[in-house]
Engineer: 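Below you will find the structure I want to go over with you.
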Amino acid sequence: MADSNDSRPAVLFDVDGTLVDTNYLHTLAWWRALQEAGHDISMSRIHPLIGMGSDHLLTELLGEEPEGLSDAHTEHYKPLKKDLHTFPKAADILTEVDNRGGRVVLATSSKKDDIPELCETIGADDAIDHVVNGSDVEASKPSPDIFAVALDQLGLDPERTLVVGDTVWDVEAAAKIDVRCVCVLTGGQTREQLEGKGAIAVYEDVAELLANLDESPLGTLLKE
């Protein structure tokens with residue numbers, strides 16, 4: 001059970017595209033769901049929206065959220081789970097943040113039913129202090145709810161909290177509650193896009209972030 005009186009600094013890690021290599025799997029699942037429903041939309045239009053909640057994604061693509069399409073995406077995603085794969089050093093960076101006295105929080109838009117499998121794939125349960133998932137919030141990214149709930153549930157200070165994410169939707173969501181965001185490029189968005197939205201630092205992946213942890217915003221936070 002997380003301790004709301006714990007005063008340690010915290011790092012809120014996005015999961016899809018940040019710790020686990022799933023953004024392109026989600027793109028394929030959405031493409032198949034949309035094709036099945038008669039919407040011929042290219043993957044190149046879908047991919048930049050991954051990281052948004054399904055309601056925002058579908059509204060961006062179709063102008064509305066047709067009933068049943070989110071469930072269709074879920075069904076098409078299920079067989080792709082066999083390809084779940086963590087990025088190099090994903091477990092190690094969680095463990096290192098924990099070892100340095102930081103609170104490790106997974107803040108993911110994934111549904112509650114997906115959490116055990118994602119955590120098993122990452123393999124750093126001992127380092128994870130708390131998990132907030134899409135089932136815990138009413139509004140999805142780029143709304144800030146997923147991060148706001150983490151701050152509220154754990155009593156975190158925004159000034160002593162960082163988000164690590166992979167999309168502009170992470171940056172936007174964090175900024176709305178005055179939390180700074182460090183990004184990685186493994187979600188498929190560019191350095192220019194992420195910095196343009198306000199990411200305070202951008203790394204190739206979490207392995208590069210870990211290798212440069214001492215000089216990174218995370219390292220600075222964990223020294224406070």
Side-chain angles (χ1 to χ4, degrees), residues 1-2 6 8-29 50-51 53 74 77-137 140-141 146-147 149-151 153-154 156 161-167 169-170 173-174 179 181-189 201-213 216-219 221-222:
M1 178 69 71
D6 191 331
R8 290 177 294 160
V11 183
L12 312 183
F13 286 91
D14 172 65
V15 176
D16 288 296
T18 301
L19 299 175
V20 184
D21 194 1
T22 54
N23 282 20
Y24 293 94
L25 301 181
H26 280 296
T27 299
L28 178 57
I50 299 299
T74 298
Y77 184 66
K78 284 179 181 177
L80 300 175
K81 287 183 178 182
K82 70 181 188 304
D83 295 315
L84 283 178
H85 178 73
T86 55
F87 293 110
K89 303 296 183 180
D92 294 341
I93 194 168
L94 301 187
T95 300
E96 185 62 20
V97 170
D98 178 59
N99 288 343
R100 294 190 184 203
R103 304 185 74 173
V104 175
V105 181
L106 301 187
T108 173
S109 298
S110 295
K111 296 177 182 178
K112 183 177 181 179
D113 291 345
D114 292 328
I115 301 306
E117 195 165 8
L118 286 171
C119 286
E120 182 180 355
T121 300
I122 296 167
D125 283 359
D126 290 345
I128 298 169
D129 191 64
H130 192 62
V131 179
V132 180
N133 65 79
S135 302
D136 294 326
V137 302
S140 60
K141 296 175 191 173
I146 197 76
F147 301 136
V149 166
L151 264 64
Q153 289 183 350
L154 301 178
L156 301 177
T161 303
L162 285 174
V163 166
V164 177
D166 65 295
T167 69
W169 319 120
D170 294 313
V179 174
C181 187
V182 172
C183 284
V184 290
L185 296 173
T186 42
Q189 296 189 352
V202 180
Y203 298 87
E204 287 293 329
D205 52 22
V206 290
E208 185 184 41
L209 174 55
L210 178 62
N212 294 277
L213 196 62
S216 75
L218 272 69
L221 175 71
L222 296 171

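The figures here come from the full heavy-atom set of this structure, side chains too, leaving out hydrogens, waters and symmetry mates.
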Engineer: Please list, chain by chain and in numerical order, all residues satisfying side-chain contact (heavy atoms from CB on, under 4.5 Å) with Pro217, sequence neighbours excluded.
Structural biologist: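 By the side-chain contact (heavy atoms from CB on, under 4.5 Å) rule, Pro217 matches Leu162, Val182, Ile200, Ala201, Tyr203.
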
Engineer: Test of understanding: with side chain to side chain donor-acceptor pair (under 3.5 Å), list the residues that count as partners of Asp83, not counting sequence neighbours.
Structural biologist: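 Asp83: no side chain to side chain donor-acceptor pair (under 3.5 Å) contacts found.
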
Engineer: Measuring from atom CG of Leu218 to atom CZ of Phe13, what distance do you get when rounded to the nearest 0.5 angstrom?
Structural biologist: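 Leu218 CG to Phe13 CZ: 5.5 Å, rounded to 0.5 Å.
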
Engineer: Where is the tightest heavy-atom contact between Leu12 and Ala107, given as atom of each residue plus distance?
Structural biologist: CB-CB, 4.4 Å

Engineer: Rounded at 0.5 Å granularity, tell me how far CG in Asn99 sits from CG in Asp92.
Structural biologist: 10.0 Å

Engineer: Considering all heavy atoms of both residues, which atom of Leu94 and which atom of Ala127 are nearest to each other, and what is their separation?
Structural biologist: O-CB, 3.6 Å

Engineer: Quick one: does Phe147's side chain get under 4.5 Å of Val132's, heavy atoms only?
Structural biologist: no

Engineer: Tell me which one of Val179, Ile146, Val11 satisfies side chain to side chain contact (heavy atoms under 4.5 Å, CB included) with Val163.
Structural biologist: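 That would be Val179.
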
Engineer: Kindly give the heavy-atom pair with the smallest separation between Thr95 and Ala124, and that separation in Å.
Structural biologist: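 Scanning both residues completely, I find the closest heavy atoms to be OG1-CB, 4.3 Å.
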
Engineer: Output side-chain donor-acceptor pairs under 3.5 Å for residues 112-121, partner residues at least two apart or in another chain, one line each.
Structural biologist:
{"residue": "Asp114", "atom": "OD1", "partner": "Lys81", "partner atom": "NZ", "Å": "2.7"}
{"residue": "Thr121", "atom": "OG1", "partner": "Glu117", "partner atom": "O", "Å": "2.8"}

Engineer: For Val104 versus Asp98, what's the shortest heavy-atom pair and its separation?
Structural biologist: CG2-N, 3.8 Å

Engineer: Can you tell me how far apart CD1 (Ile128) and CG (Leu106) are? Round to the nearest 0.5 Å.
Structural biologist: 4.0 Å

Engineer: For the atom pair CG (Leu213) and NZ (Lys89), what is the distance rounded to the nearest 0.5 Å?
Structural biologist: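 Result: 13.0 Å between the selected atoms.
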
Engineer: Tell me the closest heavy-atom pair linking Ser140 and Gly53, and the distance in Å.
Structural biologist: OG-CA, 3.1 Å

Engineer: Can you list every pair that meets salt bridge (charged side-chain N to carboxylate O under 4.0 Å, His left out) and has a residue in residues 201-213, with sequence neighbours left out?
Structural biologist: Arg191-Glu204

Engineer: Which atoms form the tightest heavy-atom contact between Gly165 and Cys181, and what is the distance?
Structural biologist: N-SG, 4.2 Å

Engineer: Do Thr74 and Lys111 have side-chain atoms, one donor and one acceptor, less than 3.5 Å apart?
Structural biologist: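 Lys111 and Thr74 do have a side-chain donor-acceptor pair below 3.5 Å.
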
Engineer: Using distance only, find each side-chain donor-acceptor pair of residues 16-29 under 3.5 Å and give its atom names and separation, not counting sequence neighbours.
Structural biologist:
{"residue": "Asp16", "atom": "OD1", "partner": "Thr22", "partner atom": "OG1", "Å": "2.4"}
{"residue": "Asp16", "atom": "OD2", "partner": "Ser110", "partner atom": "OG", "Å": "2.7"}
{"residue": "Thr18", "atom": "OG1", "partner": "Asp14", "partner atom": "OD2", "Å": "2.8"}
{"residue": "Thr18", "atom": "OG1", "partner": "Asp166", "partner atom": "N", "Å": "3.4"}
{"residue": "Thr18", "atom": "OG1", "partner": "Asp166", "partner atom": "OD1", "Å": "3.0"}
{"residue": "Asn23", "atom": "OD1", "partner": "Gly17", "partner atom": "N", "Å": "3.3"}
{"residue": "Asn23", "atom": "ND2", "partner": "Asp166", "partner atom": "OD2", "Å": "2.9"}
{"residue": "Asn23", "atom": "ND2", "partner": "Gly187", "partner atom": "O", "Å": "3.3"}
{"residue": "His26", "atom": "ND1", "partner": "His73", "partner atom": "NE2", "Å": "3.1"}
{"residue": "Thr27", "atom": "OG1", "partner": "Asn23", "partner atom": "O", "Å": "2.9"}

Engineer: Can you list the residues that meet the side chain to side chain donor-acceptor pair (under 3.5 Å) rule with Arg100, with sequence neighbours excluded?
Structural biologist: Glu96, Asp214

Engineer: Which value, rounded to the nearest 0.5 Å, describes the distance between Lys141 atom NZ and Ile50 atom CD1?
Structural biologist: 12.0 Å

